[in-house]
Amino acid sequence: MRYTRLLVPTLKEEPAEAEVASHRFMVRAGMIRQVARGIYDFLPLGLRVLHKVERIVREELDAAGCQEVLLPMVIPAELWKESGRWDLYGKELLRLNDRAGREFCLGPTHEEVMTDLVRREVRSYRDLPLNLYQIQTKFRDEIRPRFGLMRGREFLMKDGYSFHCDYEDCRREYDNMYATYSRIFRSCGLEFRAVEADTGNIGGSLSHEFQVLADSGEDTVVSCDSCDYAANMEKAEIKAAPGESFGDSDIEEVDTPGVRSIEEVSQFLSQPPERFIKTLIYIADGKGVAALLRGDDQLSEAKFRACLGAETLRMATDDEIEKLTAAPQGFAGPVGLDLELYADYRLAGCSGMVTGANKAGTHLTGVCEKRDFPGATFANLRVAGAGDACARCEYGHFVEYRGVEVGHIFYLGKKYSTALGATYLDADGNEQVMEMGTYGIGVSRTVAAAIEQNHDDAGIIWPLSIAPYELLLLPVKWNDEATRDASEKLYAQLLSLGVEVLLDDRDERAGVKFNDADLIGIPYRLTIGPRGLKEGKVELKRRGESKGSELALESAAAEAAALIGAERARLRVEDGGK
RNA sequence: CGGGGUGUAGCUCAGCCUGGUAGAGCACUGCGUUCGGGACGCAGGAGCCGGAGGUUCAAAUCCUCUCACCCCGACCA
C-alpha cells in the first residue's frame with residue numbers, strides 16, 4: 001500500500017480526552033475516532049489491526065474444532081425474559097422498541113440466542129458436543145466508558161458457547177479452550193496470564209480470565225510466589241489466619257459526632273485503621289446482611305456474593321441503613337445488630353476493636369469478637385493484595401500485577417440450558433439437559449491491550465502478528481529520482497516476497513516521516529535515501545530498537561523478508577498476502 | 001446516578017471575570033526557498049463561539065434551561 005492512498009490522519013497534538021497510551025496513540029495515529037462516548041470509527045489502519053486479531057482468533061478456534069456462526073445483534077426481549085436476565089441485567093442492557101412497540105435489546109452477550117438456536121436444532125446426543133462462536137459487535141451501555149477501546153460501549157467481541165452431554169465432556173472442552181486461548185494470545189505476541197476469576201452475572205462456577213500484563217490495566221491480579229496459583233484480586237483465596245488482639249478491655253461508648261468514615265474516626269480517636277471493624281450493609285436478594293472487615297481492608301463483592309450464594313447483591317441505600325441499623329450511615333457495628341453477620345477471617349478472635357454503635361454520633365471501643373458478636377460467620381471476604389498468604393500452598397505469598405482482561409472462559413453448567421430448555425435425547429432415549437460453557441475474547445480490547453503493553457514515548461510498537469503492516473518502506477527524499485526509483489524497486493520486490501509493506505511515498509521532510517513512522521509503530525522500517533544509496537546501502541531498523549543495520553540495496557528485500565518470515569514462524573502466524 | 005469540569009476553525013487552546021464588528025499555534029490550499037528526526041517566507045480558505053430562551057442600544061462574554069463531551073466515585077466482560 002502507498003501512504004498517499006491511505007487515510008491516515010495523524011495528529012501532532014495530544015487529543016484532550018485521551019488518558020491512556022492506547023487511546024492516545026490510536027487517535028494520534030489515525031486509527032480510531034470517537035463518534036459518541038464509548039463509540040468509535042475504525043479507520044483503515046485501525047481496522048487492519050482488528051482484522052489481524054480476528055484472523056488469529058478464527059484460525060485457532062477453527063483448528064480447535066469450533067464453528068463460526070453469526071447471530072443477530074438486535075434480540076427480542078422474550079429470550080432474555082426466559083433466562084431471567086431481562087430483569088437482572090440492569091441498565092447496561094440497551095433496550096429498544098420496534099415500530100409495533102415490541103421490546104428488543106442490543107445484545108451485550110449471546111447465551112440466550114445461541115442456546116435458543118441449539119435447542120431448536122439439536123435433538124440427539126449424536127449432534128454433541130458442539131462449540132459455536134461468532135465475532136460480532138456488542139453493545140453494553142456502560143456506566144462509565146473510558147480509555148478508548150479499553151472500555152467502550154460498542155466493541156468487537158468473539159463469543160463462543162459449547163454444548164455437551166455431560167460434565168466431563170464440558171470440562172474437557174473448557175481445558176481445550178484454555179489451551180486455545182493461550183495459543184491465541186501468544187500468537188498475538190502478548191505477554192499475558194490466565195488467572196482464576198469470579199463468574200459475575202454470567203453465572204456458573206469455574207472461570208479463568210486472560211489478562212494482558214500492563215501497568216495501566218484496570219484489573220489487579222495476584223499470583224503466588226511459591227506455587228502456580230494466580231487469580232483476580234476479587235477472587236484470590238487468602239489463607240485463613242486469626243485476627244489480631246489489641247488487648248482485653250471492656251466495651252465502652254465514645255461520642256464521635258458527625259465522624260463517619262474509618263479514616264475520620266481513626267483520626268478523631270487517634271487509633272490506626274487496623275483496629276477498626278468496618279461494617280458494610282448490603283441487600284442480598286432483597287434481604288439485609290452485614291459484611292465485617294478490618295478497617296484497612298476492602299470488601300470483595302465477588303467473594304461476598306459467593307459466600308452468600310446470592311443472585312443479586314448491592315450496597316444498602318442510606319435510608320435502608322437507617323432502617324436496618326437504627327442509625328444513620330457511618331455508625332453501623334456488629335454489636336447488637338439484628339442482621340446476619342459475615343466477617344472476614346482476619347477478624348476471628350479479634351479484641352480491643354473500634355466500631356460503630358448503631359447509634360448516631362457514637363462508636364464503641366474495646367470490642368471483642370468472641371464476647372460481643374459471637375454469631376458471625378467467617379469467610380474470606382477481603383480483596384487480596386501483595387503480601388497476603390496464599391491459601392493453596394504452605395508458605396507462598398501473593399505478588400500483584402495490573403492487567404487488561406482480554407479473554408474470559410466460564411464453565412456454565414446447566415443454568416441457561418435449563419432456563420431455555422436446551423435438551424437432547426441420550427442413547428437410551430431419555431431427555432437430558434445439556435452442559436454448557438461460554439468463552440469470550442474482547443477483540444477490540446485486545447488491540448488496546450497490545451498497545452498498553454507495547455509502546456514508548458514516540459508511539460506504538462506493534463507485535464509483528466497484529467501490526468497493520470509488517471514493514472514500512474521510508475524513502476527519505478521522495479523527490480530525488482534515484483531514491484524514488486530504488487524505492488519502487490524495493491517495494492515491488494517486497495510485495496512479491498509476500499511482505500505486507502507500506503510505502504511512504506509522501507513528498508514530506510524526513511523528520512515528519514520518521515515521526516509518523518514511530519507513532520504508527522510498524523515493526524520493521526526500511527529507510528532509503530540519497531546518502532546511503534551512494535554506497536548502495538539502505539537501513540533496516542526494528543521499531544523500538546535504538547539502532548538499525550545497514551543492508552546492501554540488492555539483497556535488502558530478501559533479507560528483510562527472511563527476517564520477517566522467521567519472526568512470523570516464531571509467533572506461529574501463517575503467510576499473509578498484501 | 002452523585003460530585004466536579006469543558007464546549008470558540010479539522011486539532012490544541014486564548015478571548016468570558018470587566019458586554020462593543022472573532023483570535024493564536026498546528027493542520028489545509030497556492031507560490032517560492034528548504035530537505036536523513038515534526039523547516040521558513042509570502043498569499044489564502046476556513047467558525048450559527050454546542051443549542052434554546054432571556055437581560056441589554058449591543059451577548060462568545062451576564063442570567064435561565066437544555067444537550068454533548070471529559071474527570072472522580074459507586075459498577076462491570
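Chain identifiers are assigned alphabetically (A, B, ...) following the order of the sequence lines, protein sequences preceding nucleic acid strands; residue numbering begins at 1 within each chain.
Looking at A:Glu400, its side chain never comes within 3.5 Å of a backbone N or O of A:Thr220 through a donor-acceptor pair.
Among the nucleotides B:C71, B:G37, B:A77, the one closest to any side-chain atom of A:Glu19 is B:C71. Closest to the A:Phe514 side chain, of the nucleotides B:A74, B:G36, B:G38, is B:G36. Candidate nucleotides B:G37, B:A77, B:G36 were compared by shortest atom distance to the side chain of A:His408, and B:A77 ranks first. Minimum atom distance to the side chain of A:Arg509 is reached by B:A39, of the listed B:A39, B:C76, B:G38. Among B:C35, B:C75, B:C69, the nucleotide with an atom closest to any side-chain atom of A:Ala36 is B:C69. Among B:C75, B:A77, B:G37, the nucleotide with an atom closest to any side-chain atom of A:Phe155 is B:A77. Checking B:A77, B:U12, B:C35 against the side-chain heavy atoms of A:Glu17 singles out B:U12 as nearest. Picking from B:C76, B:G38, B:C70 the nucleotide with the shortest atom distance to the side chain of A:Arg151 gives B:C76.
Among the protein residues, A:Gly407 comes within range of no part of the nucleic acid, since none of its heavy atoms lies under 4.0 Å from any strand. Note on A:Gly440: nothing from the nucleic acid sits closer than 4.0 angstrom, heavy atoms only. In this structure, A:Gly152 reaches the bases: a heavy-atom distance under 4.0 Å links it to at least one base atom across the strands shown.
Residue A:Phe410 and nucleotide B:A77 are not classified as a stacked aromatic pair, given the requirement of ring centres less than 5.5 Å apart at an interplanar angle below 30°.
OP1 and OP2 of B:G36 both lie 4.0 Å or more from every side-chain N or O belonging to A:Arg531. Contact check, A:Arg144 against B:C76: no side-chain N or O comes under 4.0 Å of OP1 or OP2. Remark: A:Gln34 is in phosphate contact with B:C70, judged by side-chain N or O atoms under 4.0 Å from OP1 or OP2. Between A:Lys12 and B:A27 there is a side-chain N or O to OP1 or OP2 distance below 4.0 Å.
Only the C1' atoms considered, B:G19 is 10 Å distant from B:A60, to the nearest whole Å. Comparing the same atom, P, in B:C26 and in B:U6 gives a spacing of 27 Å after rounding to whole Å. The same atom, P, is picked in B:A22 and in B:G45; the two are 16 Å apart, to the nearest Å. Rounded to whole Å, the C1' atom of B:U64 lies 40 Å from the corresponding atom of B:C28. Here, B:G53 and B:U21 have their C1' atoms 24 Å apart, quoted to the whole Å. Spacing of P atoms, B:G41 relative to B:A52, comes out at 40 Å, to the nearest Å. Spacing of C1' atoms, B:A9 relative to B:C48, comes out at 13 Å, to the nearest Å. Using atom C1' as the reference point in both B:A77 and B:G15, the two lie 45 Å apart (nearest Å).
Atom CD of A:Glu191 sits in a sparse spot, with 12 or fewer heavy atoms from other residues, nucleotides or ligands closer than 6.0 Å.
Per the geometry, CG belonging to A:Asp457 stands 15 Å off C1' belonging to B:G38, to the nearest Å. One can place NZ of A:Lys513 at 11 Å from C1' of B:G36, the figure rounded to the nearest angstrom. For the pair A:Arg37 CZ and B:G5 P, the interatomic distance rounds to 17 Å; values are reported in whole Å. Protein atom CD of A:Glu13 is 6 Å distant from nucleotide atom C1' of B:C11, rounded to whole Å. A:Leu280 has its CG atom 12 Å from the P atom of B:A74, to the nearest Å. Summarising the geometry, the separation between NE2 on A:His110 and C1' on B:A77 is reported as 14 Å, rounded to the nearest angstrom. Computed from coordinates, the A:Tyr40 OH to B:C70 P distance equals 7 Å when rounded to whole Å. Protein atom CD of A:Glu92 is 8 Å distant from nucleotide atom C1' of B:A77, rounded to whole Å.
In terms of position on RNA chain B, the residue among A:Met315 and A:Leu533 whose nearest nucleotide sits closer to the 5' end is A:Leu533. The residue among A:Lys91 and A:Ala16 whose nearest nucleotide of RNA chain B is located toward the 5' end is A:Lys91.
Base pairing analysis places B:G7 opposite B:C67; the two distances defining the Watson-Crick or G-U wobble pair are each below 3.5 Å. Pair check for B:G73 finds B:C1; Watson-Crick or G-U wobble, both atom distances under 3.5 Å. If you check B:U55 for Watson-Crick or wobble pairing at under 3.5 angstrom, you find it has no partner at all. Across all strands shown, B:U12 forms a Watson-Crick or G-U wobble pair with B:A24, both key distances being under 3.5 Å. Across all strands shown, B:C40 forms a Watson-Crick or G-U wobble pair, both distances under 3.5 Å, with B:G32.
With 3.5 Å as the limit, one finds a donor-acceptor pair spanning the side chains of A:Glu320 and A:Thr317.
Between the CD atom in A:Gln134 and the CG atom in A:Leu61 there is a gap of 12.0 Å [rounded to 0.5 Å].
The shortest heavy-atom contact between A:Glu234 and A:Lys303 is O-CG, 3.2 Å.
Of the listed residues (A:Glu82, A:Lys415, A:Met114), just one forms a side-chain contact (heavy atoms from CB on, under 4.5 Å) with A:Leu420, and that residue is A:Glu82.
With hydrogens and angles left out, the side chain of A:Arg525 and the base of B:G36 share no donor-acceptor pair within 3.5 Å. Not a single donor-acceptor pair, N or O on each side, falls under 3.5 Å between the base of B:G38 and the side chain of A:Glu508.
The aromatic rings of A:Tyr181 and A:Tyr439 sit perpendicular to each other, their planes meeting at more than 60°, with 30° as the lower class boundary.
Side-chain contact between A:Leu471 and A:Pro523: absent, with no pair of heavy atoms (C-beta onward) separated by less than 4.5 Å.
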